[in-house]
Amino acid sequence: MQGKLSDVPIGEAGSVVVEEEPSPRPLPEYQERGREQDWRLPVMTCALTRLGGVDMMARVMAYNFTAIEKKWQQHWRENRSFRALDPRDAGQMPKSYVLDMFPYPSGAGLHVGHVENYTATDIISRYQRMKGFNVLHPTGWDAFGLPAEQYAIKNNRHPREFTAANIDNFRRQIQMMGMSYDWDREIDTTDPNYTKWTQWIFLQLFNSYFDKTDGQAKPIAHLLNELANENLVVAPDGEVVINPVQEGMERISGDLRVERLWRELDPDEQRGVIDGQRLAYMDEVPVNWCPALGTVLANEEVIDGRSEVGGFPVERRPMRQWMLRITAYADRLIDDLDMLHWPESLKEMQRNWIGKSTGAQVEFEIDPATIPGGGVDQFAQGSERQPERDPALATQVTTAADDGDDDDLTLTVFTTRPDTLYGATYMVLAPEHPLVDRITTPTHRETIEAYRKQVAAQSERDRMADTKEKTGVFTGAYAINPINDERIPIYIADYVLMGYGTGAIMAVPAHDQRDYDFAKKFDLPIRYVVKPVSGEMPQDRAFESEGVAINSALFDGLPTAEAKEKAIDVLSREGNARRSVNYKLRDWLFSRQRYWGEPFPILLDEEGNAYAVDESELPVTLPQISDYKPTGTPEPPLSKASDWLKVTRDGKTYTRETNTMPQWAGSCWYYLRFLDPKNSDRFVSAEKEQYWMPVDLYVGGVEHAVLHLLYARFWHKVLYDLGHVTTPEPFLRLVNQGLILGEMEYHAFETDDQLMVTAADLTEVGEEAQESGVQMVAKVAATGQKVRGRRLSEEDVEKRGAEYVLKSNPSIRVDARSFKMSKSRGNVANPDDLVRDYGADALRLYVMYMGPLEMQKPWNTRDIVGMTRFLNSVWRNVAEKPTGEEKQLNEPVHNQLHRTIKKVAEDVETLRFNVAIAELIKLNNELTGRESVPRYLKEALVLMLAPFAPHMAEELWQMLGHQQSLAREAWPRYEAAALVEASMELPVQVNGKVRDRIIVASDATEQTILSTAEKSTAVQPWINGKEIKKRLYVPKKLVNFVVV
RNA sequence: GCAGGAGUGGCGGAAUUGGCAGACGCGCUGGUCUUAGGAGCCAGUACCGAAAGGUGUAGGGGUUCGAGUCCCCUCUCCUGCACCA
């Protein structure tokens, strides 16, 4: 279809029939050029635009992309062209598992970021199929979650109905892009057949504990066995520890910390111990409660004291919630990062989030003279640990402690720098620290209380707001530094957090900037005890690096690392210190007070004890209730489903757990379900898991760095420990596609003027803009004209208008910036519009051609036209030019073809799609000047184009006489011999500057080449009469003469 | 502040292990074909210079016959974490 508008029959194009009214929206080009006024878009052209994607007046398309794309999408669907073969059918084919982060089907529809992500993996998948791989490339819907529920509530629709509509829309959009997914494997996390297995995995967590000795998860049954056999005993804090008797150590009778045997516990205590060991457990802990969302949130979902979804304030309050013991895996989650091919930045984010720091706990005695009435050790003990898991046992500890010795009240701190102990000149407790009450002297009680109130009233956000100005109050109490028996004051300050370490620090102002700031403000002594190995001691700030100990009696002269060791050794002899590791990572808060999530497969008895629902009863489905809105209180909406709530088992009545799982539950294991999506007996068959895992390539956004990607690794490791999967890590190679920003905006600033003009504004103004300098800057920026440091002449103004005026006016500055796409900014690119106007193939090419996959880059709709031109040109060269059957081996284009085959394959394999496309364009440009194109060139070009622009490639392949789809046609092979050319061009440099290029035979000797180069007439003037000190020939690269 | 990444024409971006800086695309300029062009085709397009030639990869220094690439210092931008002891 080429030529004039009148040639095209009205009302039809190809097999497609006009169904809708023409778009009232003019094409972008018309808007940009400000021609709307004098040009009316004919209705017929609009219809054609919609039909053939062809705006006849704007661009004459060589082919009807809409018809072709529809045709092939239908073909692929009907023939299930991209089906992955099950292991037993795959024969000797190597497998490849290419995975996208499956979408959350939001109401907003597909984003160009999705298009970028899915096109990249689609290219890889299509390429690998052509290379003979058995490729698994699936997709599905991560469809539980807050946004759908909120939207549903707002619009008074059921989340299920709304989600279903969104999924249909997403599926339509993804199919319209021509993605080669295996649709037989489509999954939906809200489907009861899927939820069943999410719940099943949860029960695996519930029925397991973490064996610290072996560092892995094991079934609870194993723990019971160990306890019954007295290999393990129960410590006072409820922890299970190795039986010292079994270890060959005596039990110390009468000691507060004495362990008890399993049979010594009553049934309630036994239950408490077991429940306290589960990987999924309930605990009363301070959680992130978000009143606006009506639910609690995981730490990972809270950013700067606000909810990640919606940005609502979040407050801390203690609530009894489900937790997953991810902290048990902290070390493995860090260590195993080393085996992954992931972006370094992302690994670093996970390491930082887990936040492992190694150091020591040091005990400081509190000077009894300073405290009112002495004290008991209980709080110091308690504060070293996570909150008690079992209230019954906690009570016991307290009771036991009351009988203890009243005199040695100690304060435990965590430090990574025990080598700086001599520099500890004061101590600080978190305001919430339980010991504060006991040590505060009467004279200070009032100020301490006032300060604690003030801190408590501050939101998390306020507290973080000003981190510069330190605040705090003196308690009146003193502690004894165990290294030198020095008496140092104890403060409370909000820069010490109860949630990290022990909630107490020894302050070393000389070597910690925060302590330094505090010490300056409160006029506390600053004592340097480490000096730099070389260079000056910093002035007016702390020296935080490592160095050599000074002013530290015992450690003087020791490098920091050794001093640390020595400090721990010395103090641990007196029992005042022990090695200690701290993590920022907290256990994963796993319950939500929302309707639209997976119900827990858990029944609760009257005491609130949890029991697993029997596997045969899975899935526990969501009840159909009319009122699924959050209650605004911690009471979940499911508590309103009275019929569903009560369950009788064996004559006893239980209540169902009414919290639901967070959105992340479904995405924690979906990559496993794709392997075997219809299995009703197991979450995945062992055979298929072994065949397909691990994921070979995983592509998605970086926003899930410490959410999905951490959670999924954790679940996977649990499944691994329990023998359900065979790889320790799920995602071998991971790539983050870079964010696509909105179109570049040009802003012109006139020194003090606030005036800003964007490129779009400017074109509106058009030619009348002459008088406004700022507007002209915008025009200059927008059109790309460059004018620099030139005086103005009459002619200049005549020729190029006010552009010169501008640039000669230094008070005007132009900024080019692009911003994140957002509705409010109005810079969101819509895939539906783009596919209608340019076609899926052009859009796919464009998003890949924009720049490197991993990099952030601005959108520019204008540039898509380049890809349209390329496709049109390929069409002309392949479909419209006569096919020459001859193969001219000595033609340069023959060499180029083989170089291109090699290069494109390399570029695809290294995900450098932008470069691969450039190579294809270059090859096609070679064909453009020709009258006819040999068949082998046409076919090779079409095959190489196939992963990028599959619709057109299929159509051309068919036109070339092939009956079969090219989806599994072999990728063209290059011949090494064809890469070698008879002659080559070499640059000749003199002192590193190119002076000439010579053409020599490829097999010429170094001697011949050097003498040819030296004789070159263009080189002669540069070497004539000078001494050539060196003659360099870099094979196949260049010649360089060094002269003096 | 800490960590990770980046800085190349008017714009997006190319440049194997150090070896012709600016591939390819957009935009722009000119030509051509056209009733028309906002389609196609051809040519040009880093900067300064009439030319010869010179200068150029954020800035400064270094290593080298040769540096966008390696080393040191400085600056700017992005992303993440952020009072984590």
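Here is how names work: the chains are called A, B, and so on, in the same order as the sequence lines, proteins then strands, and each is numbered from 1. All heavy atoms count here, side chains included; hydrogens, waters and symmetry mates do not.
- One C1' atom belongs to G13(B), the other to G4(B), and the distance between them is 23 Å to the nearest Å.
- Judged by a 6.0 Å distance limit and a 45° cone about the ring axis, K470(A) is positioned over the six-membered ring of Y495(A).
- Counting to the nearest Å, the P atom of U17(B) and the NZ atom of K1036(A) are 19 Å from each other.
- Side-chain proximity of P858(A) to the nucleotides A85(B), G13(B), G54(B) is greatest for G13(B).
- Between G1(B) and R541(A), no contact under 4.0 Å exists linking OP1 or OP2 to a side-chain N or O.
- Nearest nucleotide to the V865(A) side chain, out of G27(B), C24(B), A15(B): G27(B).
- Comparing the P positions of A82(B) and A67(B) gives a spacing of 44 Å, expressed to the nearest Å.
- Partners of D841(A) according to the salt bridge (charged side-chain N to carboxylate O under 4.0 Å, His left out) rule, which considers only residues two or more places apart in sequence or in another chain, do not exist here.
- Of all the residues in residues 845-854 of chain A, Y849(A), M850(A), P852(A) reach under 4.0 Å from RNA chain B with at least one non-hydrogen atom.
- Proximity note for M349(A) (side chain, C-beta onward) versus G40(B), G80(B), G25(B): the nearest is G80(B).
- Taking the P atoms as reference points, A14(B) lies 15 Å from G22(B), given to the whole Å.
- The side chain to side chain contact (heavy atoms under 4.5 Å, CB included) search around A519(A) returns Y426(A), P509(A), L524(A), I526(A), not counting sequence neighbours.
- Of the candidates G25(B), G12(B), U79(B), the closest approach to any side-chain atom of M867(A) belongs to G25(B).
- Contacts of E1014(A) classified as side chain to side chain contact (heavy atoms under 4.5 Å, CB included), with partners at least two apart in sequence or in another chain: I1023(A), I1028(A), R1031(A), F1041(A).
- The side chain to side chain contact (heavy atoms under 4.5 Å, CB included) test applied to K584(A) returns Y500(A), not counting sequence neighbours.
- Under the 3.5 Å distance criterion, the side-chain polar atoms of T502(A) are matched with a main-chain donor or acceptor of T412(A).
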With Watson-Crick and G-U wobble geometry limited to distances under 3.5 Å, how should the secondary structure of RNA chain B be encoded in dot-bracket form, using | for bases paired to another strand and [ ] for crossing pairs?
(((((((..(((......[....)))((((((.......))))))(((....)))..(((((..]....))))))))))))....

Please tabulate, for side-chain N and O atoms in residues 916-926 of chain A, each donor-acceptor pair with protein atoms closer than 3.5 Å (sequence neighbours left out).
residue, atom, partner, partner atom, Å
N924(A), OD1, N877(A), ND2, 2.9
N924(A), ND2, S873(A), OG, 2.8

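- For the pair N914(A) and A14(B), the criterion of a side-chain N or O lying under 4.0 Å from OP1 or OP2 is met.
- A donor-acceptor pair under 3.5 Å is formed between the side chain of H511(A) and the backbone N or O of V529(A).
- When the side-chain nitrogen and oxygen atoms of K993(A) are compared with OP1 and OP2 of U55(B), one or more of them lie within a distance under 4.0 Å.
- For the C1' atoms, the distance from G40(B) to G59(B) is 47 Å, rounded to whole Å.
- Closest approach to the K1037(A) side chain among G13(B), C83(B), U16(B) is made by U16(B) (side chain taken as heavy atoms from C-beta onward).
- With A82(B), C41(B), C83(B) as the candidates, the nucleotide lying closest to the side chain of S873(A) is C41(B).
- Closest contact between the side chain of S345(A) and the listed nucleotides G27(B), G12(B), G4(B) involves G4(B).
- Not counting sequence neighbours, D515(A) has no partner by the salt bridge (charged side-chain N to carboxylate O under 4.0 Å, His left out) test.
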Could you run down the sub-3.5 Å N/O contacts of the protein with nucleotides 62-70 of chain B?
residue, atom, partner, partner atom, Å
C65(B), O2, N1040(A), ND2, 2.7

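- R912(A) comes within 4.0 angstrom of the backbone, heavy atoms only, and of no base.
- Closest contact between the side chain of L1038(A) and the listed nucleotides G19(B), A14(B), G40(B) involves G19(B).
- Here the straight-line distance linking atom OH of Y1033(A) with atom CD of E1006(A) works out to 7.5 Å at 0.5 Å rounding.
- G37(B) sits 16 Å from C28(B) when the P atoms are compared, rounded to a whole Å.
- G9(B) takes the syn form, because its glycosidic angle lies no more than 90° either side of 0.
- Between N736(A) and G5(B), a side-chain N or O to OP1/OP2 separation shorter than 4.0 Å is absent.
- In terms of the salt bridge (charged side-chain N to carboxylate O under 4.0 Å, His left out) criterion, residue partners of D907(A) (sequence neighbours excluded) are, by chain and number, K903(A), R912(A).
- With A85(B), C26(B), C41(B) as the choices, the nucleotide that has an atom nearest any side-chain atom of F414(A) turns out to be A85(B).
- For residues 842-858 of chain A, the set of pairs meeting the salt bridge (charged side-chain N to carboxylate O under 4.0 Å, His left out) definition, not counting sequence neighbours, comprises E116(A)-K857(A), D122(A)-R844(A).
- Side-chain atoms of E348(A) lie closest to G4(B) of the nucleotides G40(B), G54(B), G4(B).
- Annotation: G62(B) and G12(B) have their P atoms spaced 32 Å apart (nearest Å).
- With sequence neighbours left out, P987(A) forms a side chain to side chain contact (heavy atoms under 4.5 Å, CB included) with V994(A), R997(A), L1038(A).
- Atom CD in E703(A) sits about 17 Å away from atom C1' in C81(B), given to the nearest Å.
- Within 4.0 Å of R995(A), counting heavy atoms only, lie sugar-phosphate atoms of the nucleic acid but no base atom.
- Atom C1' of G56(B) sits at a distance of 8 Å from the matching atom of A46(B), rounded to the whole Å.
- As rounded to the nearest Å, A58(B) and A23(B) have C1' atoms that lie 23 Å from one another.
- At A85(B), one or more side-chain N or O atoms of S357(A) fall inside 4.0 Å of OP1 or OP2 (strictly under the cut-off).
- Residue Q350(A) holds its CD atom at 5.5 Å from CG of L337(A), rounded to the nearest 0.5 Å.
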